[in-house]
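Here is how names work: the chains are called A, B, and so on, in the same order as the sequence lines, proteins then strands, and each is numbered from 1.
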Amino acid sequence: MADAPLLTLDDLRVDFHTPTGIVNAVRGLSFTLGRERLGIVGESGSGKSMTGRAILDLIPHPGVVTAKRMEFRGKDLTTMDKASRRKLRGRHISMVMQDPKFSLNPVQTVGDQIAEAYRVHHKASARQAKERSLSMLEAVQIREPGRVYDLYPHEVSGGMGQRVMIAMMLIAEPEILIADEPTSALDVTVQLQVLKILDDLVTSRGMGLIFISHDLHLVKSFCDRVIVMYGGKAMETLPASELDRAQHPYTRGLLGCLPDLDHPREKLATLNRDPAWLA
Amino acid sequence: MSTNSAINVDKLNVSFGDSHVVKDLSFAVEPGESYGIVGESGSGKSTVLRVLAGLNRDWSGEVDILGKRQPKIRDKAFYRAVQMVFQDPYGSLHPKKTVDDTLAEPLAIHGIRDAETKISRALQDVGLPASFRFRYPHQLSGGQRQRVAIARALVLEPTILLLDEPTSALDVSIQAEVLNLLQALRHERKLTYILVSHDLAVVGHMCERLLVMQFGRGVEEMTAATLAARAPQTAYAQQLLTASEGFRRAG
Ligand SMILES: Nc1ncnc2c1ncn2[C@@H]1O[C@H](COP(=O)(O)OP(=O)(O)OP(=O)(O)O)[C@@H](O)[C@H]1O
Ligand SMILES: Nc1ncnc2c1ncn2[C@@H]1O[C@H](COP(=O)(O)OP(=O)(O)OP(=O)(O)O)[C@@H](O)[C@H]1O
Ligand SMILES: [Mg+2]
Ligand SMILES: [Mg+2]
């Protein structure tokens with residue numbers, strides 16, 4: 001990468017102090033993000049979502065974030081005050097949450113929520129914002145955007161909710177987008193169309209994309225690099241196109257668990273987790 | 001369509017206000033069969049499952065389950081025999097209830113004894129440590145919540161399981177464990193499944209037959225063998241198969 005990274009993380013840790021002990025959700029994660037598609041895959045509960053939330057300063061109580069370095073375009077996030085962090089959020093760094101319907105306001109129509117997200121960051125009349133939101137819905141392949149604009153979150157399907165969330169996060173044109181399982185509820189054809197939008201933003205506008213996903217095939221074909229996480233740590237980082245040739249036994253194990261149309265079997269292979277991976 | 005199907009749906013129609021979202025849909029699922037539904041986002045898959053589960057009362061057509069014509073409102077015995085795992089686990093778990101409450105409640109409602117053993121067993125089955133029993137949904141990761149939702153459906157030992165994207169939030173190792181568990185239970189207890197998924201490899205692995213939906217209609221029913229041979233009849237099904245090969249960057 002020729003240009004300076006958009007984001008630098010060194011030794012990120014997220015701990016939850018609970019009555020029954022400390023949960024170490026992220027345990028010393030380091031990486032840099034350029035104008036690229038960086039995939040994060042890994043075990044359920046390995047700290048992927050908490051990593052995204054830590055970057056945005058959205059770790060819920062009683063979580064505590066520490067890092068040796070956490071910088072956005074050279075600005076030190078570890079010493080930045082809450083108000084400035086909030087300003088970065090949405091406008092400069094956005095996150096598509098894993099549970100889109102839960103993250104949306106249940107008593108406001110999805111269209112109004114997108115329009116509002118636009119007006120927070122851009123000077124626009126209500127009408128302009130609505131038009132912009134409708135075209136965003138269309139861009140994410142929503143059929144009948146006019147009808148869907150007026151629906152409440154509980155009235156949209158799983159995949160429509162995900163696309164509403166993507167539309168809402170992209171409308172502000174952030175420099176970094178963290179997308180947490182953004183397409184897991186989309187059928188494969190719509191999924192590719194939505195990925196195409198994200199891809200164009202990286203290629204044409206130089207956005208940095210952190211793409212959290214369980215879909216190994218997709219990450220392999222879509223991302224530039226991939227971090228494999230287990231138990232709050234990175235097991236390995238490798239070029240996405242080389243995922244099939246991964247060395248780490250955890251990554252190898254993951255690849256072995258995939259069902260495959262061409263190689264049907266009675267029972268899927270499962271992983272033997274080795275405590276040494278966390279040493 | 002045999003008369004002793006586990007599930008028989010005939011000309012099902014569902015509308016929300018002016019939008020007609022399920023259109024003349026018919027299919028049958030045999031006892032002990034695992035039947036897949038795939039298709040376009042928004043095509044009505046979850047709506048069909050909600051009708052079958054008795055959660056949507058605004059429909060027309062005929063629905064027979066376990067040999068009984070189903071009224072709009074179901075009785076308590078029905079809910080013991082037919083369980084659903086919802087697509088969005090966060091929404092289906094009560095935010096103020098611990099994992100333990102969530103699993104104990106259906107057992108209490110149906111007056112089932114030995115809750116303690118059943119709850120530990122269900123958690124173990126879905127790969128959650130016992131220490132998670134007293135956590136609230138917000139203290140769990142996405143995949144951990146999905147596993148609680150699966151455990152809740154299994155704890156009642158139903159005959160029919162309606163599974164809406166049950167493993168979409170799970171990493172592939174946990175997915176393999178959950179799918180193996182579901183297959184083992186199906187064979188041991190002769191359970192019947194409907195599995196909605198966007199992952200064609202998962203459907204191919206789990207199901208004998210599947211239905212492809214688009215715009216609220218069933219566009220093609222096929223066997224898993226047809227899917228594996230990539231030999232569907234319709235253009236839309238073919239398109240889904242092509243798209244499942246991954247992302248291609250133009251140029
Ligand atoms: N409030 C909390 N108290 C205690 N532990 C928590 C809390 N919130 C999250 N955790 C734990 O932190 C760990 C990391 O969670 P995170 O949501 O980052 O996982 P993830 O990698 O995104 O998993 P998934 O793929 O299942 O979404 C999990 O084991 C989770 O149980
Ligand atoms: N309560 C409701 N009010 C109005 N419209 C609704 C309601 N519930 C569902 N719909 C509409 O019904 C259609 C089908 O939704 P459904 O959730 O069944 O789709 P799906 O096939 O499960 O999609 P996905 O794959 O995205 O989950 C959508 O257009 C949705 O907006
Ligand atoms: Mg997560
Ligand atoms: Mg659905």
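- When all heavy atoms are compared, the tightest approach of A:L271 to B:S173 is CD1-CB, 3.5 Å.
- Both the backbone and the side chain of B:S41 come within contact range of chain A, judged by heavy atoms closer than 4.5 Å.
- Comparing A:L255, A:L186, A:I142 by heavy-atom pairs within less than 4.5 Å of chain B, the highest count is held by A:L186.
- Per-residue counts of heavy-atom pairs under 4.5 Å with chain B were compared for A:R163, A:Q162, A:E266; the largest is that of A:R163.
- Contact check for B:R152 versus B:R147: no side-chain heavy atoms found under the 4.5 Å cut-off.
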Worksheet item: Between A:V228 and A:T237, does a side-chain contact (heavy atoms from CB on, under 4.5 Å) hold up when you go through it step by step?
Response: CA-CA 6 Å; A:V228 182; A:T237 302; over 6 Å; no
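- Along residues 121-139 of chain B, the residues that come nearer than 4.5 angstrom to chain A, judged on non-hydrogen atoms, are B:R135 in order of number.
- In this structure, B:K72 is positioned above the aromatic face of B:W59, its NZ or CZ under 6.0 Å from the six-membered ring centre and within 45° of the axis.
- The greatest number of non-hydrogen atom pairs below 4.5 Å with chain A, out of B:M206, B:R145, B:Q146, is found for B:R145.
- If you take CG on B:L210 and CG on B:L195, they are separated by 10.0 Å, rounding to the nearest 0.5 Å.
- If you measure heavy-atom distances from B:L140 to chain A, you find no contacts under 4.5 Å at all.
- Nearest heavy-atom pair, A:M229 versus A:I40, reported as atom, atom and distance to 0.1 Å: SD-CG2, 3.8 Å.
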Discussion item. What verdict does the side-chain contact (heavy atoms from CB on, under 4.5 Å) test give for A:R37 and A:R225, after you've listed the backbone C-alpha separation in whole Å, the side-chain angles of each residue and the deciding distance to 0.1 Å?
Written reply: CA-CA 7 Å; A:R37 312 148 195 93; A:R225 288 189 301 146; over 6 Å; no
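- Contacts between residues 179-193 of chain B and chain A, counted as heavy-atom pairs separated by less than 4.5 Å, involve B:L179, B:N180.
- In this structure, A:H154 and A:Y152 have parallel ring planes: the angle between them is below the 30° cut-off, well short of the 60° mark.
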Worksheet entry | Candidate pair A:Y230 and A:H248, rule side-chain contact (heavy atoms from CB on, under 4.5 Å), full reasoning | CA-CA 11 Å; A:Y230 180 86; A:H248 194 279; over 6 Å; no
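- When heavy atoms are compared at a cutoff of 4.5 Å, A:R265 approaches chain B solely by way of its backbone atoms N, CA, C and O.
- Between the side chains of A:T189 and A:D187, a donor-acceptor pair is found at a separation under 3.5 Å.
- For residues 162-171 of chain B, a heavy-atom distance under 4.5 Å to chain A picks out B:E165, B:S168, B:A169, B:L170, B:D171, given by residue number.
- Of the listed residues (A:D215, A:D199, A:V23, A:L254), the one with the most heavy-atom contacts under 4.5 Å to chain B is A:D199.
- The residue among A:S157, A:A25, A:C257 with the most heavy atom pairs within less than 4.5 Å of chain B is A:C257.
- For chain A, no part of B:S43 is nearby; none of its heavy atoms comes within less than 4.5 Å.
- No hydrogens or angles considered: nothing links the side chains of A:T203 and A:D200 as a donor-acceptor pair under 3.5 Å.
- A:E236 CD: more than 12 foreign heavy atoms inside a 6.0 Å radius.
- Neither the backbone nor the side chain of A:S49 has a heavy atom closer than 4.5 Å to any heavy atom of chain B.
- Remark: the A:H214 side chain and the B:Q175 side chain contain no N/O donor-acceptor pair separated by less than 3.5 Å.
- Rounded to the nearest 0.5 Å, atoms CG (A:L261) and OG (B:S244) are 6.5 Å apart.
- Residue A:L216 touches chain B through its side chain alone, counting heavy-atom pairs closer than 4.5 Å.
- For a heavy-atom cut-off of 4.5 Å, chain A lies close to B:L227 in residues 217-227 of chain B.
- A:V148 does not touch chain B: none of its heavy atoms, backbone or side chain, sits under 4.5 Å away.
- Under the 4.5 Å side-chain criterion, counting only non-hydrogen atoms from C-beta, B:E208 is in contact with B:S34.
- You'll find the side chain of B:L49 stays beyond 4.5 Å of the side chain of B:F86, heavy atoms only.
- Considering only heavy-atom pairs separated by less than 4.5 Å from chain B, the leading option among A:V156, A:V41, A:L195, A:D180 is A:L195.
- Here B:R230 pairs with B:E245 in a salt bridge; the nearest charged N to carboxylate O distance falls below 4.0 Å.
- Considering B:D24, B:V21, B:L25 in turn, B:D24 is the only one that fulfils the side-chain contact (heavy atoms from CB on, under 4.5 Å) rule with B:N13.
- Per-residue heavy-atom pair counts under 4.5 Å with chain A were compared for B:D88, B:V202, B:L240, and the maximum is reached by B:L240.
- The residues A:E242 and A:K220 are annotated as not salt-bridged, no charged nitrogen and carboxylate oxygen being separated by less than 4.0 angstrom.
- Contacts of A:E43 with chain B are made by both backbone and side-chain atoms, with heavy-atom separations under 4.5 Å.
- Under the 30°/60° scheme for interplanar angles, the aromatic rings of A:F222 and B:F247 are found to stand perpendicular.
- In plain terms, the two heavy atoms of A:P182 and A:F211 that are nearest each other are CG-CE1, 3.6 Å.
- For A:N272, the CG atom is loosely surrounded, since the number of other residues' heavy atoms within 6.0 Å does not exceed 12.
- Heavy atoms only, all atoms of each residue included: A:I114 and A:A167 are closest at CD1-CB, 4.0 Å.
- Contact tally against chain B (heavy-atom pairs below 4.5 Å) for A:V190, A:D260, A:D262: the top residue is A:D262.
- Only the side chain of B:F215 comes within contact range of chain A, judged by heavy atoms closer than 4.5 Å.
- The minimum heavy-atom distance between A:L268 and A:P259, with the atom names listed, is CD2-CA, 3.7 Å.
- When all heavy atoms of A:A234 and A:I227 are compared, the closest pair comes out as CB-CG2, 3.8 Å.
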